[in-house]
Every structure is written in C-alpha cells, then in structure tokens.
Amino acid sequence: MTTTTPNVYIEDLAQNGTAYLGQDVTLHGWLYNKRSSGKLHFLQLRDGTGTIQCVLFKGDVPPEMFEAGNRVTQESSVRVRGTVKEDKRSTLGFEIGVTDFEILHESVDYPITPKEHGVAFLMDHRHLWLRSSRQHAITRIRAEIIRAIRTFFDERGFTLVDAPIFTPNACEGTTNLFETDYFDDKAYLTQSGQLYMEAAAAAFGKAYCFGPTFRAEKSKTRRHLTEFWMVEPEVAFLDLAGDMDLAEDFVAFIVRAVLENRRAELTLLERDVSKLEAVQKPFPRITYDEATKILKQEGHAFEYGDDFGAEDETIISNHFDRPVLIHRYPSAIKAFYMKPDPENPELSLNVDMIAPEGYGEIIGGGQREDDLNVLLKKIKEHELPETAFGWYLDLRRYGSFPHSGFGLGVERTVAWICGIHHVRETIPFPRLMERLTP
RNA sequence: UCCUCAGUAGCUCAAUGGUAGAGCAUGCGGCUGUUAACCGCAGGGUUGUAAGUUCGAGUCUUACCUGGGGAGCCA
C-alpha cells in the first residue's frame with residue numbers, strides 16, 4: 001500500500017471535518033468494533049485520539065481487500081485510506097469511504113469484548129482496558145488535571161522542587177511505611193514530601209512538589225491506593241487563612257480547566273456537569289466544632305475529639321454544593337508539626353478540604369509549628385526519634401518563619417471530578433493492597 | 001486487621017440434593033446503511049482447591065485459596 005495521501009488523526013477530523021470533506025486521507029489505528037451487512041463492512045477505527053466509522057463497500061475495492069474487512073478482528077492494527085464524507089448518522093458527523101485497507105497485525109482472541117465484564121477481570125487486563133472509551137476519558141481528564149496543577153503553581157511564581165522518594169524516616173509514624181533495603185541500611189518510600197517542601201519554602205519562598213507517595217496501609221476502600229500522586233505546595237510567611245485562600249483558588253482553577261478543556265470526556269462519563277459548575281469561590285469554611293454540630297443536628301453519633309470517618313465526611317459535605325474547608329481540629333489527632341491555635345492551644349491551625357458528593361478528603365494541610373522549642377517538645381510527646389529530624393529542626397534555627405501548605409491527592413480529585421466510584425480507575429496502573437500486576 | 005458477599009464455558013450469569021444451560025465472544029453461512037447490528041448452524045466444562053455428609057453434591061458441612069463490597073486509618 002502506498003501512502004501518498006496525508007496522514008490524519010481522528011481528533012482532527014472530529015474538530016475540523018468540513019475542511020477534509022471529499023479529501024483522501026490515511027488513518028492508522030486499531031479496530032474497535034465491526035458490523036457487517038452483506039456487501040458492506042462498517043469498521044469502527046480507533047487511533048488513540050478518537051473513533052470513526054470506516055465503510056468498506058464491496059463494489060469499491062478488490063475482492064481480497066473486502067475479504068480482509070470480513071476477517072479483521074477486534075483490536076487488530078490496520079491502515080485505512082479513504083474519502084472523508086459527511087454523514088448525519090455518524091456521531092462524529094463524518095465517516096470514511098474506504099478505498100484501500102490493510103491489516104498490519106491481526107489480533108487473536110482479544111479478551112475485552114464489547115459486553116460487560118467484572119472488575120477483577122478488567123483489572124487483570126488493565127493494560128488492555130486502557131484502550132476502552134471510558135478509561136480513555138478518565139485518563140485524559142487526569143492528564144488535564146495534572147496540567148492544571150502545574151499551570152496554577154507555575155503561573156503564580158512557585159518553584160517546582162522535587163522531593164526524594166527514598167527517605168530515612170517517617171514523617172508521621174512508621175506502621176504505614178514501605179521498607180526497602182538500602183545497601184547495608186534501611187530506607188522507606190516517601191509518604192509525603194512536606195518536610196522537604198518546608199526547606200524548599202525557606203529557599204524559594206513559594207515551592208511545590210508533585211510526585212508519587214506510598215502508604216503501606218492495609219486499606220481496602222474505594223478511596224485508597226498504596227501508591228498515589230500528591231501535589232504539595234508550601235509557602236513562607238503564609239498563615240492558615242492565606243493557606244485556605246490558596247487551596248480554594250487552586251481547586252476552583254482545576255475544576256474550571258476540566259470544564260473548559262474536557263467537556264466531551266465528562267459527557268462520555270455521564271458526569272452531572274452542573275455539580276462541577278457550582279464549584280465557584282468562595283467555598284464554605286467551618287471549624288471542626290461547627291462540623292461536629294452539623295453531625296449532632298443530623299442525629300449522627302459522633303464522639304467529640306475523634307477524626308471524621310467516611311460517613312461523617314459525607315454527611316458534612318452534603319450540607320454544601322461545593323467543597324467545604326474544615327479548620328482547627330483538635331491538636332491531639334493531628335501531626336506533630338501542626339501549629340496550635342494561639343487563641344486555643346487545644347486546637348491546631350490545620351485545614352482539610354472535603355469534596356462534595358461523598359468523595360471525601362482531597363486536601364489536608366495547615367500552618368506549621370515554627371518555634372524550635374515547641375517542636376522539640378512535640379517530637380518527644382509523639383515519641384519520634386529526635387535525631388532523625390536534625391535537618392528539619394535546622395529550619396527553626398536559621399531564620400524561622402511562619403509558613404503553611406497543603407497536600408492534594410490527585411486520584412481522589414480525579415474520582416470526584418469524573419464522578420466515578422473507585423479511585424482504582426483514576427490512575428493508569430493502580431497499586432492496591434491485593435494488586436501489583438499489571 | 002475486622003465484618004460481609006461471591007467463585008459454574010474465554011467473558012457476564014442461570015441451574016428444588018437427581019441428564020450442567022443462555023447471552024456475548026470464537027468458527028462457518030446469510031444480509032447494501034449497521035450503531036453493544038441482526039438471523040441460522042457449530043465447537044467450547046476436572047462447577048476455585050481439599051476433605052466430609054449422602055444411593056446421588058454445582059447445590060449441604062468444614063478448612064484453605066482468590067476476588068468483590070464495607071469499616072478503621074488516611075490523600
């Protein structure tokens with residue numbers, strides 16, 4: 001087959017099809033599905049940017065080529081040449097009248113058929129599942145969210161400072177850490193880049209890191225992965241109120257980017273877009289105390305002083321049509337580096353953001369303790385090894401400064417924006433307690 | 001880790017303790033406009049593993065394995 005005609009992507013045809021009307025084009029891709037009707041083969045071609053129907057008519061091509069159209073199997077790689085035609089019956093508005101067709105590689109017994117499958121089967125075939133339209137939409141929205149995350153901070157003068165993956169110690173307890181050999185010593189996979197971002201904030205004023213983090217929690221829920229991506233900004237001379245402003249701007253920015261650039265994908269996922277359009281500043285801000293009152297008013301059993309469980313978060317978030325910021329939790333249930341509220345030292349200057357519709361906590365952060373002696377006392381109280389925090393304490397020795405930041409979990413954010421049930425579909429190759437393959 | 005549900009054809013599921021079946025997928029045939037196309041025919045099974053109860057077990061019992069849903073913990 002000679003390819004003198006221009007190669008084109010289906011996405012180009014979808015967006016600008018009229019410009020191609022009547023032209024001969026060459027497409028490369030995979031067979032998504034096929035229907036036949038005697039002297040016609042309707043080939044659904046997928047090229048990674050979209051799908052388009054290619055119509056192979058017996059009268060238009062040599063007999064062996066028509067026979068190839070009869071023989072071609074799902075997910076075989078193919079090359080198609082043909083004329084771009086307008087067609088109202090097509091979802092794209094256009095289809096290809098095939099003049100030349102070649103099977104590049106025949107796919108035999110492709111496991112994922114156009115019928116329903118169970119979760120376990122699909123997860124076992126995750127590497128192939130990514131080819132299907134739903135996974136395609138989710139992955140593209142994830143990519144859009146990550147692009148928005150980077151753009152947001154880059155445009156505001158933040159410096160990207162990569163945190164290490166190997167760490168010598170935990171920043172919040174050791175039971176959830178993955179341990180690995182490090183020559184004659186032990187190392188742990190990072191749970192958070194935050195401590196390093198505090199050093200970065202002292203160096204750059206505004207910094208953020210973005211990368212995978214690891215938690216060896218034996219969690220088996222729709223909100224947990226053992227490997228997940230987190231973006232963690234940290235800002236010098238920023239207090240809790242400013243931190244909440246930043247988190248609010250950030251999440252509103254991400255949602256707007258997806259609404260503007262990934263409408264088609266949201267539609268394919270049947271996402272109720274009006275719920276996302278409601279995500280406008282200002283977000284409600286309530287204290288932990290006020291949140292507990294909501295639970296009480298709903299007649300929900302809750303012990304003051306406890307952290308909120310999944311059900312508690314859902315009840316609270318259902319009171320609002322956009323993400324809610326809950327601040328000033330009891331210090332006792334928060335990490336050692338959180339600064340206590342000067343007005344009530346029993347409370348911590350922290351903030352969590354709970355996504356709407358029961359998607360749970362997507363942001364955790366707050367203002368950090370900047371007094372060396374208070375921090376030393378906290379480390380002792382939490383029974384953490386002081387020696388491991390030597391460099392971290394240096395940040396309070398050499399020009400200590402008030403500072404705040406937060407971490408946003410990418411997969412939970414993707415799940416919420418896409419409106420999908422489980423975070424396992426929000427990352428190309430999820431790592432779960434019971435799953436390491438593919 | 002705990003609670004709970006499930007495991008039968010490649011996939012999704014049926015089958016009063018009594019001959020293991022359907023749809024899809026696959027193969028062959030039919031159809032000039034199909035939209036998860038449709039119609040006809042065919043092949044396809046150590047019922048998760050091991051033991052037990054029974055004249056007889058896919059079905060009942062026990063243990064184990066694997067997976068789903070939920071909890072706690074968290075992002």
Side-chain angles (χ1 to χ4, degrees), chain A residues 32-44 51-60 66 69-71 73-75 85 87-92 95 97 107-125 128-129 132-134 172-173 175-176 190-194 212-232 247 251 306-314 333-335 351-355 359-365 406-416 421-424 426-427 432-435:
Chain A
Y32 196 66
N33 199 2
K34 179 180 73 175
R35 288 175 288 272
S36 290
S37 182
K39 297 190 173 63
L40 283 167
H41 296 305
F42 300 97
L43 311 175
Q44 309 300 320
T51 57
I52 193 167
Q53 177 160 280
C54 303
V55 183
L56 193 57
F57 175 50
K58 197 171 189 174
D60 289 346
F66 188 74
N70 183 54
R71 197 178 68 237
T73 52
Q74 191 189 359
E75 287 300 321
K85 293 176 175 171
D87 198 297
K88 289 193 183 71
R89 290 164 292 198
S90 156
T91 47
L92 224 60
E95 63 179 26
S107 161
V108 179
D109 293 332
Y110 184 73
I112 302 177
T113 60
K115 275 278 181 177
E116 75 266 38
H117 298 284
V119 170
F121 178 81
L122 289 169
M123 289 299 290
D124 285 341
H125 296 86
L128 303 175
W129 191 18
S132 58
S133 58
R134 178 183 157 86
E172 317 169 23
T175 50
N176 297 334
T190 182
Q191 288 186 305
S192 161
Q194 191 215 305
T213 51
F214 308 86
R215 307 252 169 119
E217 293 160 352
K218 293 196 170 175
S219 300
K220 230 179 76 104
T221 81
R222 66 192 188 91
R223 300 178 306 281
H224 285 86
L225 298 166
T226 55
E227 178 182 313
F228 67 98
W229 286 65
M230 190 152 67
V231 55
E232 295 174 278
V251 170
D306 283 355
D307 207 346
F308 300 121
E311 202 187 340
D312 307 320
E313 286 177 351
T314 302
I333 53 168
K334 285 293 160 185
V351 59
D352 283 358
M353 188 189 288
I354 312 295
Y359 282 93
E361 185 183 339
I362 54 171
I363 278 180
F406 61 81
L408 172 127
V410 170
E411 286 73 21
R412 286 187 185 175
T413 304
V414 176
W416 162 50
H421 183 70
H422 200 297
V423 290
R424 66 184 158 219
T426 65
I427 185 167
L432 299 149
M433 192 172 86
E434 307 283 5
R435 186 173 294 278

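Note on naming: letters A, B, ... go to the chains in the order of the sequence lines (proteins, then strands), and numbering restarts at 1 for each one. Computed over heavy atoms, backbone and side chain alike; hydrogens, waters and symmetry mates excluded. As the structure is a prediction and not an experimental result, all values here were calculated from the model.
Distance check on atom P: B/rG67 versus B/rG30 gives 46 Å, rounded to whole Å.
Protein atom CE of A/Met433 is 14 Å distant from nucleotide atom P of B/rG70, rounded to whole Å. The distance from atom CE of A/Met353 to atom P of B/rC74 is 19 Å, rounded to the nearest whole Å. Rounded to whole angstrom, the span from the CG atom of A/Asp109 across to the P atom of B/rG27 amounts to 8 Å.
Contacts of A/Glu311 with the nucleic acid, taken as non-hydrogen atoms under 4.0 Å apart, are absent. Among the atoms of the strands shown, none is found under 4.0 Å from any heavy atom of A/Ser90. Residue contacts shown for A/Lys220 include a base, since a base heavy atom lies under 4.0 Å away. Within the 4.0 angstrom heavy-atom criterion, base atoms lie near A/His224. Here A/Leu225 lies in heavy-atom contact (under 4.0 Å) with a base. Residue A/Leu40 is classed as a base contact, given a heavy-atom separation below 4.0 Å to a base. Counting any heavy atom pair closer than 4.0 Å across all strands shown, A/Phe121 reaches sugar-phosphate atoms only and no base atom.
Side-chain atoms of A/Thr113 stay outside donor-acceptor range of the base of B/rC24, with no qualifying N/O pair under 3.5 Å. For B/rG68, its base never sits under 3.5 Å from the side chain of A/Glu434 at any donor and acceptor pair. With hydrogens and angles ignored, no donor-acceptor pair closer than 3.5 Å exists between the side chain of A/Gln44 and the base of B/rU35. Not a single donor-acceptor contact under 3.5 angstrom links the side-chain atoms of A/Arg35 to the base of B/rC31.
Taking only side-chain nitrogens and oxygens, A/Lys115 never comes nearer than 4.0 Å to OP1 or OP2 of B/rA36. Considering only side-chain N and O atoms, A/Arg424 lies under 4.0 angstrom from the phosphate OP1 or OP2 of B/rG69. Here A/Asn33 reaches the OP1 or OP2 of B/rA37: one of its side-chain N or O atoms lies under 4.0 Å away. Residue A/His117 places no side-chain N or O under 4.0 Å from the OP1 or OP2 atom of B/rG23.
Remark: A/Phe42 CZ to A/Ser36 OG distance equals 8.5 Å, nearest 0.5 Å.
Among residue pairs with one or both ends in residues 220-229 of chain A, those qualifying as side-chain hydrogen bond (donor to acceptor under 3.5 Å, both in side chains) are A/Thr221-A/His224; sequence neighbours excluded.
Side chain of A/Arg412 to backbone of A/Glu361: a donor-acceptor contact under 3.5 angstrom is found. A/Tyr32 places a side-chain N or O within 3.5 Å of a backbone atom of A/Ser133 that can act as its donor or acceptor partner.
Electrostatic pairing of A/Asp60 and A/Lys39 does not count as a salt bridge here, judged by no charged N lying under 4.0 Å from a carboxylate O.
Remark: RNA chain B forms stems of 3 or more consecutive Watson-Crick or G-U wobble pairs, all pair distances under 3.5 Å, at B:1-7 with B:65-71, B:10-13 with B:21-24, B:26-30 with B:38-42, B:48-52 with B:60-64.
Distances were taken from every side-chain heavy atom of A/Ala310 (C-beta onward) to each of B/rC73, B/rA71, B/rG33; the shortest belongs to B/rA71.
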